[in-house]
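The structure appears right after this line, and notes come after that.
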Amino acid sequence: MSVGLGNVWRFPYTAYANGGGAFLIPYIIVLMLIGRPLYFMELAMGQFSSASSVKVWNMVPAVRGVGFGQVIGTASVVSYYCCLIALALHYMGSSCQSVLPWTVCHPDLSEDNVLCITSTTNTTQNTDNLTIISAAEQYFKRGVLKSKDDISDGIGMPDLQLTVCLAACWVLLFFTLWKGVASSGKVAYFTAIFPYVVLITLLVRGLTLDGAMEGIMFYITPKWSELLNPKVWYAAVTQSFFSLSTGFGALITYSSYNDFRHNSYRDALIISVADTLTSLLAGFVIFSILGNLAFELGVPVKDVVDSGPGLAFVSYPSALAKFDFLPQLFSVLFFLMLVTLGLGSATGLTSGIIAVVCDLNPKWNKTVVTGIICIAGFGIGLVYVTPGGQAILALVDFFGGGFIIFVLAMVEVLAVSWIYGLKRFTSDIKFMLNVSVGIYWKFCWGIFIPVSLLGIFIYFLATYTPLTYQGQLYPKSAEYAGYILTIFALVQIPIWFLHSLCTGEKKGCQGAFTPNSDWGPARHSVKLEWLSKDLEHLTEL
């Protein structure tokens, strides 16, 4: 569930955009003190209640809007995840050509004042007043995306080839979701091992390339001054949410299918470590390749390519082109890996959306709901396969996948630790797993996560500057669209708070901020045992 596009695609470009080594230390600290505790908290919430990300808030009805807000944030992320899968499908098809198209410069894709070079190009010629790009970057931007950095006059029409790939992606996703979580779990046995084989193979090849160590040093050399930059910490927090899938509600939904006594405490420890190592591995792969590209282009690592969502589709293909033996085979295997990881991520996130929709009306046919969601997702996704699509992707990633999830995760942990009560929550875990959580978990849940997220959030708002893409400011209309998306998600919190005040079992604030009668273990016998233990505890007090 947690190892996916967030590790292989988003982590490298976020690290690159935030200075490589300047980002790495905050990221590891955040994973240890925020990511892992939130991961275990969401696993425990879902497993204890056997409920989706909306019904789980029977524990604190006042913040039920968090679940609905997470659906909006999750839908935003899924919409562009499927675009990334479509790009991977396009590249996988292109890998079957006798010459990989990103290994050569194409005259018909050339631009004024831009020099495209390959690993065999002589760069001793005069390059004054020229922008130097690699063949892989030319192919991605001009050949695949037909991209435009300035979207002030519109984003253009969807590309036909990418539209077909996007449709294929949503068809694959529909059939993956058709039989539900149980069937998708069987696919996970393959997707759990296959990516590591491919990434390690790429790392070995990347480390043998000229200039690779320069890229690695850029990646692992700390910049201590950046530890005081809250924007780097904000990026680290949002990236940890993507890496571990926390804050989206999908973990709560997935863990709701666990057996009540399943050892999710062990799962949280193992998966959080594996996730961290996967992100670091992907970083080593990317930065070894960036070091080689910097060597070939004759530029510093920080300037080798535009940092952005497309970074992975420039750097990974560059490494694949360096294989002397059957580069087409390795290319197909890599993009197959990217497709499977993408489908795994999209399946987990979309399952959470389907569960919430079906909870609203259990009579609705799940297959029909899945089909409607997939058709809607395809329609929305068309915006990402236009020439200006990457700019829109970065915008939605910032607001829908970053800002919204950050705020909702902050409210989530405040609701569990400070409203439901840390003592009550740890008691529930003790009853469910027979595990007494230590001071580390209590400190993170009760103090560090709420205070640190609140502090980073306030400072981020105070120092917010208008969003840019490739160095250019977004049109006001695009930025306002991001604000509208954010408001639409966050306004769910006050709306459902008012709903809980008016329609709860107990009217007023007392009923809104205390668990209702539906909260607790789903199995009746277990719930009776839990209630009796709760009563014994109250009697002792």
I456 side, atom CD1; T238 side, atom OG1 - distance, nearest 0.5 Å: 9.5 Å

pair T367-F174: side-chain heavy atoms closer than 4.5 Å: yes

CA sep, side-chain torsions, deciding dist, call: L393, L84, side-chain contact (heavy atoms from CB on, under 4.5 Å): CA-CA 10 Å; L393 191 156; L84 298 171; 4.2 Å; yes

Shortest non-hydrogen contact between L422 and G446, atoms and distance: CD2-CA, 4.0 Å

Taking every non-hydrogen atom, the tightest pair across M32 and P37: O-CD, 3.5 Å

Polar contact flag, side-chain donor to acceptor under 3.5 angstrom, S245-Y39: no

Under 3.5 Å, which donor-acceptor pairs do the side chains of residues 357-364 form with other protein atoms, sequence neighbours left out?
unit_1	atom_1	unit_2	atom_2	d
D359	OD2	S52	OG	2.5
N361	OD1	K363	N	3.1

Ring center gap for F334 and Y91 short of 6.0 angstrom: no

Taking every non-hydrogen atom, the tightest pair across V437 and K442: O-CE, 3.5 Å

Contact check, side chains of F497 and R64, non-hydrogen atoms, under 4.5 Å: no

Close side-chain approach of M59 and M45, heavy atoms under 4.5 Å: yes

Heavy-atom check, side chain of F11 versus side chain of D275, under 4.5 Å: no

Under 3.5 Å donor-acceptor, Q47 side chain and F260 backbone: yes

Test item: S427 side-chain N/O and K423 main-chain N/O as donor-acceptor pair under 3.5 Å: no

Distance-only donor-acceptor pairs under 3.5 Å for side chains of residues 368-384, two or more places apart:
unit_1	atom_1	unit_2	atom_2	d
T370	OG1	K366	O	2.8
Y384	OH	S79	OG	2.9

Parallel, tilted or perpendicular: ring planes of F248 versus F242, cut at 30 and 60 degrees: perpendicular

Residues which pass side chain to side chain contact (heavy atoms under 4.5 Å, CB included) with I495, listed by chain and number, not counting sequence neighbours: V491

T347 side chain near S351 side chain, heavy-atom distance below 4.5 Å: yes

Distance, nearest 0.5 Å, that separates CG of L281 from CG of L199: 5.0 Å

Close side-chain approach of I34 to S452, heavy-atom, < 4.5 Å: yes

M157/T163 under side-chain contact (heavy atoms from CB on, under 4.5 Å): CA gap, chis, key distance, verdict: CA-CA 10 Å; M157 296 298 292; T163 299; over 6 Å; no

D397: side chain to side chain donor-acceptor pair (under 3.5 Å) partners, not counting sequence neighbours: R10, Y13, Y80

CZ (R266) with more than 12 external heavy atoms under 6.0 Å: yes

Over all atoms of both residues, closest heavy-atom pair of Y440 and R36: OH-CD, 3.5 Å

4.5 Å side-chain heavy-atom contact, F399 and L467: yes

Any side-chain donor near an acceptor of the partner, Y27 and S243, under 3.5 Å: yes

For the student: nearest non-hydrogen atoms of V144 and L87, plus distance: CG1-CD2, 3.8 Å

OG-NZ distance between S517 and K527, expressed to the nearest 0.5 angstrom: 6.0 Å

side-chain contact (heavy atoms from CB on, under 4.5 Å) evaluation trace for V411 with V63: CA-CA 8 Å; V411 176; V63 295; 4.2 Å; yes

Criterion side-chain contact (heavy atoms from CB on, under 4.5 Å) on D428 and W530, from CA distance to verdict: CA-CA 8 Å; D428 291 343; W530 171 66; 3.0 Å; yes

Donor-acceptor side-chain pairing of N516 and N58 below 3.5 angstrom: yes

Closest heavy-atom pair and its distance - S240, L31: CB-CD2, 3.8 Å

Heavy-atom donor-acceptor pair, T386 side chain to G389 backbone, under 3.5 Å: yes

Pairs satisfying ring-ring contact (aromatic ring centres under 6.0 Å, His included), at least one member in residues 407-426, at least two apart: Y420-W519, F425-W445

Any donor-acceptor N/O pair, E479 side chain to P475 backbone, under 3.5 Å: no

Name of the residue among W233, F403, Y234 meeting ring pair (Phe, Tyr, Trp, His ring centres under 6.0 Å) with F457: F403

Aromatic ring proximity, centroids under 6.0 angstrom, Y480 and Y474: no

Straight-line distance of I449 CD1 to L454 CG, nearest 0.5 Å: 13.0 Å

Nearest-0.5 Å distance, OG of residue S264 to CE of residue M432: 4.5 Å

Expected output: side-chain S256 to main-chain T253 donor-acceptor under 3.5 Å: yes

Sequence-distant partners of Q70, side chain to side chain donor-acceptor pair (under 3.5 Å), two or more places apart: E412

Straight-line distance of I85 CD1 to L341 CG, nearest 0.5 Å: 9.5 Å

Sub-4.5 Å side-chain heavy-atom contact between L349 and I353: no

Heavy atoms from other residues, nucleotides or ligands near CZ of F398 exceed 12 (cutoff 6.0 Å): yes

Any donor-acceptor N or O pair under 3.5 Å, side chains Q161, H90: yes

